[in-house]
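Just so we're on the same page: letters track the sequence lines, and every chain starts at 1. The analysis underlying the following values was restricted to heavy atoms, covering all of them including side chains, and did not include hydrogens, waters or symmetry mates.
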Number of protein chains: 2
Amino acid sequence: MEALADYFKVFSEPNRLTVLEALRSGALNVTAVVEKTGLSQALVSKHLKLLMIAGVVRRRPEGSLVFYEVIDKGVFRLMAQAEKLLMAARRQQLDDLAAIF
Amino acid sequence: MEALADYFKVFSEPNRLTVLEALRSGALNVTAVVEKTGLSQALVSKHLKLLMIAGVVRRRPEGSLVFYEVIDKGVFRLMAQAEKLLMAARRQQLDDLAAIF
DNA sequence: TCGCAGTATCATGCTGTCGTTATGCAATTC
DNA sequence: GAATTGCATAACGACAGCATGATACTGCGA
């Protein structure tokens, strides 16, 4: 339970999801992620490190650049499924509200 | 991105997952959840409230008791998929480690 | 109606995490 | 080898979320 919660925690941060999203279409170096997301360089570095520790992302130095890429694109399926559940939950809540009137 | 992160946050807490797990087999009242999980009553109440606000759980007062139940069991599929990804990530990390030697 | 069992909430202390700024370090270029 | 670029990390302040203990609320039975 503990480990699973920690794994979910990886995806529980908006900026981290933004970073992940930036990597959806393939590997990018840090600066590219910074430009694509608009986040500060330090912040991007930290989130990428966390994603690496979590085993979500792979680090690949290439010359003076460092590329990161998503290891298992299944994480995007996880995100999609969560989004689906989220929207269903919202719909349900609206229905509940409507049932009051 | 923000909303999705908040949704993931719901599942990023061990005790909250424990509460959810307690409800896997069906509706329970608060005290039953307390007994099943070993968590304090105040804590269970708060987590259940959060789960309700998130639209994961439904609240149903019945006499002097209050029953809670999971609205969409799809959340358990989400958890299962996350667990699968988690284990795959771990395996990958071990492989990476082994590749060093 | 009094008391009790079940549930919710409040106030508080604490810990963890986030973001920023500044700095360190490594590889490249000149 | 000095300067520059790309990335990582440290230190710090701010804030959010968790757990606890105490207390309030609610409906039911005696």
Side-chain angles (χ1 to χ4, degrees), chain A residues 1-23 26-70 82 86 96, chain B residues 1-23 26-70 96:
Chain A
M1 219 80 297
E2 182 86 42
L4 185 56
D6 284 344
Y7 191 72
F8 273 116
K9 195 173 300 185
V10 172
F11 303 94
S12 73
E13 231 286 320
N15 288 337
R16 209 142 53 219
L17 290 187
T18 303
V19 168
L20 259 188
E21 199 63 39
L23 295 176
L28 289 181
N29 68 338
V30 178
T31 301
V33 174
V34 168
E35 286 167 356
K36 198 165 185 174
T37 61
L39 303 176
S40 78
Q41 183 266 318
L43 193 54
V44 168
S45 256
K46 288 217 286 191
H47 282 308
L48 284 173
K49 179 174 188 177
L50 222 170
L51 288 168
M52 201 187 58
I53 292 173
V56 173
V57 138
R58 171 187 301 124
R59 188 185 123 106
R60 178 164 46 86
E62 193 148 322
S64 71
L65 305 184
V66 178
F67 284 84
Y68 286 88
E69 72 180 317
V70 173
L86 168 59
D96 292 351
Chain B
M1 219 79 300
E2 181 86 42
L4 185 57
D6 283 344
Y7 191 72
F8 273 116
K9 197 173 299 187
V10 172
F11 303 95
S12 73
E13 230 288 319
N15 288 336
R16 208 141 54 220
L17 290 187
T18 302
V19 168
L20 260 187
E21 199 62 40
L23 296 177
L28 289 180
N29 68 338
V30 178
T31 301
V33 173
V34 168
E35 286 166 356
K36 198 165 185 174
T37 61
L39 303 175
S40 77
Q41 183 266 319
L43 195 54
V44 168
S45 255
K46 288 215 290 190
H47 282 309
L48 284 173
K49 178 174 187 176
L50 223 170
L51 288 168
M52 200 187 60
I53 292 173
V56 172
V57 139
R58 171 186 301 123
R59 189 185 123 107
R60 179 163 44 86
E62 192 149 323
S64 71
L65 305 185
V66 178
F67 285 82
Y68 286 88
E69 71 181 318
V70 173
D96 292 350

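Spacing between atom CG of B:N29 and atom C1' of D:dC28 amounts to 15 Å, rounded to whole angstrom units. B:E13 has its CD atom 11 Å from the P atom of D:dG17, to the nearest Å. Rounded to whole Å, the distance from CG on A:N15 to C1' on D:dC15 is 15 Å. In this structure, A:H47 atom NE2 and C:dT20 atom C1' are separated by 12 Å, rounded to whole Å. The interatomic distance linking B:L50 (CG) with D:dA16 (P) rounds to 15 Å, in whole Å. The NZ atom of B:K46 sits 9 Å away from the C1' atom of C:dC10 (whole-angstrom rounding). When the C1' atom of C:dA5 is taken as reference, atom CD of B:Q41 falls 11 Å away, rounded to whole Å. For the pair A:L39 CG and C:dC18 P, the interatomic distance rounds to 13 Å; values are reported in whole Å.
Sorted by residue number, the list of members of residues 3-11 of chain A with any non-hydrogen atom under 4.0 Å from DNA chain D is empty.
Side-chain proximity of A:R59 to the nucleotides C:dT7, D:dA8, C:dG6 is greatest for D:dA8. For A:A42, whose side chain is taken as the heavy atoms from C-beta onward, the closest listed nucleotide among C:dA22, D:dT20, C:dA8 is C:dA22.
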Residue pair A:V56, A:Y68: steps toward the side chain to side chain contact (heavy atoms under 4.5 Å, CB included) verdict: CA-CA 10 Å; A:V56 173; A:Y68 286 88; over 6 Å; no
Side chain to side chain contact (heavy atoms under 4.5 Å, CB included) evaluation trace for B:E35 with B:T31: CA-CA 6 Å; B:E35 286 166 356; B:T31 301; 3.8 Å; yes
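Contact annotation: the side chain of A:M52 never approaches that of A:L48 to less than 4.5 Å [non-hydrogen atoms, C-beta and beyond]. At least one side-chain heavy atom of A:L43 sits less than 4.5 Å from a side-chain heavy atom of A:H47.
Once rounded to the nearest 0.5 Å, the distance linking CD of B:E13 with CD of A:E2 reads 8.5 Å. Put simply, OG on B:S12 and CG on B:D6 are 10.0 Å apart, with the number rounded to the nearest 0.5 Å. The NZ atom of A:K36 sits 8.0 Å away from the CG atom of A:L23 when rounded to the nearest 0.5 Å.
B:Y68 comes within 4.0 angstrom of sugar-phosphate atoms only, judged by non-hydrogen atoms across all strands, and of no base. Among the protein residues, A:S40 comes within range of the sugar-phosphate backbone only, with heavy atoms under 4.0 Å from sugar or phosphate atoms but none that close to a base. Within the nucleic acid shown, B:K49 comes within 4.0 Å of sugar-phosphate atoms alone, with no base atom in reach, counting heavy atoms only.
Residue B:R16 places at least one side-chain N or O closer than 4.0 Å to OP1 or OP2 of D:dC18. Distances shorter than 4.0 Å separate some side-chain N or O of B:S45 from OP1 or OP2 on C:dA8.
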